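Following: one structure in structure tokens, then a few remarks.
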Amino acid sequence: MKTIQGPAIFLAQFLGDAPPFDSLEHLAQWAAGLGYKGLQLPTAPRLFDLEQAASSQQYCDDVVALLARHGLQVTELSTHLQGQLIAVHPAYDALFDGFAPEHVRGDSAARTAWATQQLLWAATASQRLGLRAHVTFSGALAWPYLYPWPQRPAGLVETAFAELAKRWLPILDAFDAAGVDLCYELHPGEDLHDGVTFERFLAAVDDHPRASILYDPSHFVLQQLDYLAFIDIYHARIKAFHVKDAEFRPNGRQGVYGGYGDWQDRAGRFRSLGDGQIDFKAIFSKMAQYDFPGWAVLEWECCLKHPEDGAAEGARFIREHIIHVAEHAFDDFAGSAVDQDQIHHLLGLN
């Protein structure tokens with residue numbers, strides 16, 4: 001059995017214009033100083049050049065060496081923003097155009113083609129970096145029809161998932177050729193947002209061996225899904241792990257849907273590690289039980305706490321929750337040597 005690796009941190013929420021958040025070198029020094037051992041890298045051009053990484057082993061080796069100087073490793077690359085653009089319902093075109101470069105904005109087909117190329121480069125770049133997993137979003141075509149009113153026409157959901165699978169299958173095949181698992185963060189706003197929708201997608205891609213899950217319990221708290229039972233059901237497909245806290249406190253005025261409120265005013269909201277309601281002791285126990293092979297990665301999002309405080313506390317929190325897996329059973333000392341004849345005798349089979 002393996003011990004979870006960590007603590008690690010996802011850098012997307014910490015990128016900025018001022019040091020130490022303005023470059024990979026500075027961020028690495030900052031994260032190492034907090035006690036992190038790994039970095040999950042968003043593929044933002046000023047932090048990590050995805051096209052160059054796909055074409056140059058030297059570039060990838062230089063990134064690995066830069067992090068190693070600070071005692072760090074790359075845990076996974078992230079293409080959350082690009083993955084979102086693989087499938088965009090027209091209702092969200094204007095909002096999501098900002099995720100794409102200017103030359104494809106206003107052209108949904110060109111935007112999807114650009115995003116697809118980004119994911120294909122990510123497969124090659126992950127391979128060059130020696131990574132085993134990659135994290136992303138699925139995008140969404142059916143999300144505006146989540147609530148079954150007005151009544152959905154028969155076949156709408158099935159057609160949406162068939163199209164989603166058609167767009168992702170070549171990408172999944174590229175990740176398979178690279179030997180890397182493609183982990184979808186199950187997230188509201190994406191067509192893949194819970195176990196049922198992941199199973200729909202899995203069926204549409206013929207149980208593709210690289211179709212995997214980025215497990216983030218915070219999104220399940222906000223949906224009121226059993227995040228511990230989820231691990232029991234889907235552990236074989238969980239290949240990445242975001243450690244993020246959340247709370248859900250419904251009242252007489254609002255529940256899951258939040259009444260269009262801002263994050264501070266919603267019944268369900270993200271919190272810094274330890275400030276929410278998630279039972280991370282139970283989660284880390286299940287991860288150890290099922291021999292999770294990857295990293296425990298802080299994704300910090302909180303509507304109240306300062307991000308630098310959340311990052312500092314998060315490293316300690318993850319380190320204290322990682323279970324160092326035992327190398328042998330606790331009762332091995334009580335074992336006795338019994339041969340096959342004795343076993344037959346004990347069972348009355350002689």
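In this text the structure is predicted, and so the values were computed from the model without any measurement. Heavy-atom basis, side chains included; hydrogens, waters and symmetry copies ignored. By convention here, the first residue in the shown sequence is residue 1.
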Parallel, tilted or perpendicular: which describes the rings of [X] and [Y], with under 30° parallel and over 60° perpendicular?
{"X": "F280", "Y": "F317", "answer": "perpendicular"}
{"X": "W168", "Y": "Y184", "answer": "perpendicular"}
{"X": "F137", "Y": "H80", "answer": "perpendicular"}
{"X": "W263", "Y": "F270", "answer": "tilted"}
{"X": "W30", "Y": "F14", "answer": "tilted"}
{"X": "F230", "Y": "F220", "answer": "tilted"}

Test item: T43 side-chain N/O and S78 main-chain N/O as donor-acceptor pair under 3.5 Å: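 Answer holds: yes.
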Under 3.5 Å donor-acceptor, Q264 side chain and C303 backbone: yes
Basic-acidic side-chain contact under 4.0 Å: D191, R200: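 No, D191 and R200 are not salt-bridged.
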K286, NZ atom: more than 12 neighbouring heavy atoms under 6.0 Å: yes
Please report, to 0.1 Å, the donor-acceptor pairs under 3.5 Å made by any side chain of residues 118-127, with sequence neighbours excluded.
residue, atom, partner, partner atom, Å
Q118, OE1, Q82, NE2, 2.9
S126, OG, A122, O, 2.8

Contact check, side chains of C183 and H134, non-hydrogen atoms, under 4.5 Å: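 No - every pair of side-chain heavy atoms lies 4.5 Å or more apart.
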Test item: T112 and T116 side chains (from C-beta on) under 4.5 Å apart, heavy atoms: yes
Distance-only donor-acceptor check, side chains H219 and D194, under 3.5 Å: no
[atom1] of [X] to [atom2] of [Y]: how many Å apart, nearest 0.5 Å?
{"X": "R105", "Y": "H103", "atom1": "CZ", "atom2": "NE2", "result": "10.0 Å"}
{"X": "I9", "Y": "T75", "atom1": "CD1", "atom2": "OG1", "result": "10.5 Å"}
{"X": "Q73", "Y": "W295", "atom1": "CD", "atom2": "CH2", "result": "4.5 Å"}
{"X": "L182", "Y": "D176", "atom1": "CG", "atom2": "CG", "result": "10.5 Å"}
{"X": "H306", "Y": "S272", "atom1": "NE2", "atom2": "OG", "result": "11.0 Å"}
{"X": "Q40", "Y": "E76", "atom1": "CD", "atom2": "CD", "result": "4.5 Å"}

Chi angles and distances behind the side-chain hydrogen bond (donor to acceptor under 3.5 Å, both in side chains) call for H235, Q289: CA-CA 10 Å; H235 59 87; Q289 173 186 343; over 6 Å; no
Ring pair (Phe, Tyr, Trp, His ring centres under 6.0 Å) between F284 and F241, worked out: CA-CA 10 Å; F284 275 85; F241 176 21; 5.4 Å; yes
CA sep, side-chain torsions, deciding dist, call: T79, L50, side-chain contact (heavy atoms from CB on, under 4.5 Å): CA-CA 10 Å; T79 54; L50 192 53; 4.3 Å; yes
Aromatic centroids of F48 and Y59 separated by under 6.0 Å: yes
Heavy-atom pair of closest approach, residues Q254 and A267: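 Result for this residue pair: OE1-N, 2.7 Å.
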Test log, rule side-chain hydrogen bond (donor to acceptor under 3.5 Å, both in side chains), inputs Y227 and D279: CA-CA 9 Å; Y227 56 83; D279 185 352; 5.5 Å; no
